[in-house]
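Everything on this sheet refers to the single structure shown next.
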2 protein chains.
Amino acid sequence: MEEFNSMNLRALSELLKLSQTTVSRALNGFPEVSEETRARVKAAAELHGYRPSAAARRLAIGQSGTLGVVFPRERNMLGDLIFTEFLGCCVEQASDMGYDITLAMARGTQTEEAVYRRAVRSARVDAMILSSPLIEDPRLSLLRSLNMPFILHGRTRAAEHYATLDIDNRGAFFQATRLLCDLGHTSIALINGDPSHNYAVDRENGYRAALKAAGLTPPLSNIAGGMMVESHGETEAGRMLALALPERPTAFLCSSIAQALGVKRAVESKGLKIGSDISLIAHDDRLADIRAETFDPPLTATQSSIGAAGKRVVELAVAMLREPSTPLPSEVWPVDLVVRQSTGPAPK
Amino acid sequence: MEEFNSMNLRALSELLKLSQTTVSRALNGFPEVSEETRARVKAAAELHGYRPSAAARRLAIGQSGTLGVVFPRERNMLGDLIFTEFLGCCVEQASDMGYDITLAMARGTQTEEAVYRRAVRSARVDAMILSSPLIEDPRLSLLRSLNMPFILHGRTRAAEHYATLDIDNRGAFFQATRLLCDLGHTSIALINGDPSHNYAVDRENGYRAALKAAGLTPPLSNIAGGMMVESHGETEAGRMLALALPERPTAFLCSSIAQALGVKRAVESKGLKIGSDISLIAHDDRLADIRAETFDPPLTATQSSIGAAGKRVVELAVAMLREPSTPLPSEVWPVDLVVRQSTGPAPK
DNA sequence: TCTTGTTTCCAAAGCGCTTTGGATATCTCC
DNA sequence: GGAGATATCCAAAGCGCTTTGGAAACAAGA
């Protein structure tokens, strides 16, 4: 019951009649110790339930063994859901790699800065994970100036080099828009996410580029940026469907399945049918509870697992810490366009 | 740039020509140091940006200064949203109190147990925060047997004594049901949360008790347990509204506003009106994005801020750690029933 | 036998903080 | 002026781990 308290390195080494050095090295896989001794040490450690004290290890090694994840400042409905999935997978991967995840709250820039400073100064975290950056996110230069390693899930306009993992939002929405153009749609609406975030800008750029390539120019009324929620999709789609014919969209491109649900509602309330009258594509973050496959009709989607990204971000962060000399990682994942039944040729 | 590394207690004390002891005591508010010295020390600490090393402090003091929050095993849509609010407020409060929050992943009992053991053995967290317990939650006795202090947001059937903060779910739903009875409703439906969780059981008990007090017995068809999502509310309400008259409900009681949204949809799709034809009450967790006040019509609700609960849980956890000898805290918050326009007398 | 190298292990010095057990100076009261 | 109380400060011993700089034992080549 109490043994885990008293069973420290010294006690274990005395028990084994070895020095603390040897025991430590045996457990941490150093080559200077014979395999025989190592096995003996490991067996004893297991037997007595020895677990090194995290605090002592941290003090000695100068690293905290924890990653900080910045809790997003604005939180809204299903946008939250995506973050939760991301966070959950970060925690899972971190746990597998022997790291802890602590949350840094971000409310307002001043307090946010104070949080970072505190974390850095007292060495509470070894690296930070940021997600969903703004177009020009001040947090990057702040962390840089504080000498805090960080990795960004997403990208910004910043010229400086930083560690990042992002999906190819532009390419995804380019592909999706091109598909709709190829199907003969000439009025394609974009229901986007928050336009102050970079991913939304990238998506819009991809959308515009594909339209331009097809010789089309989207009317302003066909682009709506806002929250990743059903109601936003519903009101915006409702508004657009009330437009006169040349501008009235025959296809919708959504930044999330939640928005697509709203679009579907608006479409059906007009007596129209998704897949024939109206084509619909959404970005699919592969959340367990909102699936493109079980959408009615099954939803054509650009898909990329946000959970996989969370895991990878942790992997990269840990790799950065272990090999500080290697260049900062920078990955951009391609996004699959999966065609299902929610898209079809433009109605005549 | 680098100063935060070198500015440790010793450097600061040399700078001030004081001993480390005095500096430490001055900063930590011990009475043995004169106010004059304390002011001087604090000023210097501020000036040089001194922040004590968390690792060193943890090692010396034997506490990690972090609380673990157990990430719930099952995660679904808006249930998640509630947890996120809870978590966010935990982080906020913990930050204010100088504590960190780390997340413990909970997937399956075995791995969960391993997570706890690891956390306990290596003293990574000082206490755990559990939320949304099952009716008989095995985690309690597990943490107890590991000697890990914990506090539960919610309650279970367990006889043992443990630290807990809960809202009066039973009382809330008793009140709400009684109001509906007083308004003359005789068929009142309950759209509940996940029945394996204790809060759902408490709510159902309150509902049943109020019905019984009014001389009513709910037909089985009028009770539905499930997820805290709109679609669940919609399908269950739709099913119930299709029943024959004596059983067909004239009032609905929901466990979340999200469910109420679904009920509203089902009600309106039958051409009925909330507030006159059908009365509706929901539990309101006071989330920023889903508000009872802006519901259409404004929603009569049993309300209790889940965020406030998160903050308080952290306060209690810290208090437990600071005063281990005081009896375990156990708070049950009353829940307000706020009457708005979604309830009215039963139609004749 | 002496050197050199290899393997295996160890003593001891930190890491930066808290805390114990005094030491020194200052006040108070007879 | 001395005894006792009080206020103020300090030296040093940990906390439990990692890591440096050898040492001891043994084998092999000169």
Side-chain angles (χ1 to χ4, degrees), chain A residues 2-42 44-45 48-65 98 120-124 126 322, chain B residues 2-42 44-45 48-66 98 120-124 126 321-322:
Chain A
E2 296 286 323
E3 55 172 314
F4 57 82
N5 253 343
S6 51
M7 186 45 64
N8 52 23
L9 192 61
R10 185 174 53 196
L12 188 63
S13 67
E14 281 169 3
L15 217 84
L16 284 162
K17 307 226 182 292
L18 288 172
S19 77
Q20 295 188 40
T21 313
T22 306
V23 175
S24 170
R25 290 188 154 156
L27 292 174
N28 292 340
F30 280 63
E32 299 96 325
V33 50
S34 72
E35 280 312 316
E36 187 199 335
T37 317
R38 190 190 306 281
R40 199 160 65 91
V41 169
K42 282 196 169 174
H48 297 94
Y50 167 74
R51 285 267 127 193
S53 146
R57 169 168 244 271
R58 286 167 187 188
L59 179 57
I61 212 164
Q63 299 219 331
S64 68
V120 169
R121 283 272 179 54
S122 54
R124 299 170 112 84
D126 296 332
R322 294 205 174 134
Chain B
E2 296 285 324
E3 56 172 314
F4 56 83
N5 254 341
S6 52
M7 186 46 63
N8 51 25
L9 191 62
R10 186 173 53 197
L12 188 64
S13 65
E14 282 169 2
L15 218 83
L16 285 162
K17 307 225 181 292
L18 287 173
S19 76
Q20 294 189 39
T21 313
T22 305
V23 176
S24 169
R25 289 188 156 158
L27 293 173
N28 292 341
F30 279 64
E32 298 96 326
V33 50
S34 72
E35 282 311 317
E36 186 199 333
T37 317
R38 190 190 305 282
R40 199 161 64 91
V41 169
K42 282 195 169 174
H48 297 93
Y50 167 73
R51 284 270 128 191
S53 145
R57 170 168 242 273
R58 287 167 185 185
L59 178 57
I61 210 163
Q63 298 221 331
S64 69
T66 76
V120 169
R121 284 271 178 56
S122 55
R124 298 169 112 83
D126 297 331
L321 293 172
R322 294 206 173 133

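We name chains A, B, ... by the order of the sequence lines, and we start the count at 1 in each one. These numbers come from the heavy atoms of this one structure, side chains and all, not from hydrogens, waters or symmetry mates.
Atom CD of B:Q20 and atom CG of B:N8 lie 7.5 Å apart (nearest 0.5 Å). Taking CZ from B:R51 and CE from B:M7, the interatomic distance works out to 13.5 Å, rounded to the nearest 0.5 Å.
Of all nucleotides listed (D:dT18, C:dC9, D:dT19), C:dC9 comes nearest to the side chain of A:V33. Picking from D:dG16, C:dC17, D:dT19 the nucleotide with the shortest atom distance to the side chain of A:F30 gives D:dT19.
Look at A:S34 and you'll find a side-chain N or O under 4.0 angstrom from OP1 or OP2 of C:dC9. Put simply, B:T37 has no side-chain N or O that comes within less than 4.0 Å of OP1 or OP2 on D:dT8. Between B:R57 and the phosphate of C:dG16, there is no side-chain N or O to OP1/OP2 separation shorter than 4.0 Å.
Between B:I61 atom CD1 and C:dT20 atom P there is a gap of 11 Å when expressed in whole angstrom units. Rounded to an integer number of Å, the gap from CD of A:Q63 to C1' of D:dC17 is 15 Å. When rounded to the nearest whole Å, the span between CG of B:L12 and C1' of C:dT18 equals 15 Å. Regarding A:R10, its CZ atom lies at a distance of 15 Å from the P atom of D:dT18, rounded to whole Å. Distance CG (B:L16) to P (D:dC9): 11 Å, rounded to an integer number of Å. In this structure, the CD atom of B:E14 is 12 Å from the P atom of C:dG16, given to the nearest Å. Nucleotide D:dG14 holds its P atom 14 Å from the CG atom of A:N8, rounded to whole Å.
Place B:L59 and B:E32 on DNA chain D by their nearest nucleotides, and B:E32 ends up nearer the 5' end. Annotation: of the two residues near DNA chain C, B:N28 and A:A60, the 5′-most nearest-nucleotide partner is A:A60.
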Atom pairs under 3.5 Å: protein N/O with N/O of nucleotides 23-26 of chain C:
none

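In this structure, B:T66 and B:R124 approach most closely via the heavy-atom pair OG1-O, 2.8 Å. Nearest heavy atoms, B:P52 versus A:S122: O-CB, 3.2 Å.
Contact annotation: the side chain of A:Y50 approaches that of A:L27 to within less than 4.5 Å [non-hydrogen atoms, C-beta and beyond]. Considering only heavy atoms from C-beta on, A:L9 comes within 4.5 Å of A:S24 through its side chain. Taking 4.5 Å as the limit, every side-chain heavy atom of B:E36 sits out of range of all side-chain heavy atoms of B:R40.
Checked by atom type and distance alone, the side chain of A:R58 never pairs as donor or acceptor with a backbone atom of B:L59 at under 3.5 Å.
Contacts with DNA chain C (heavy atom under 4.0 Å) in residues 17-27 of chain A: A:K17, A:L18, A:S19, A:T21, A:T22, A:R25, listed by number.
With sequence neighbours excluded, the residues that form a side-chain contact (heavy atoms from CB on, under 4.5 Å) with B:T21 are B:S19, B:R25.
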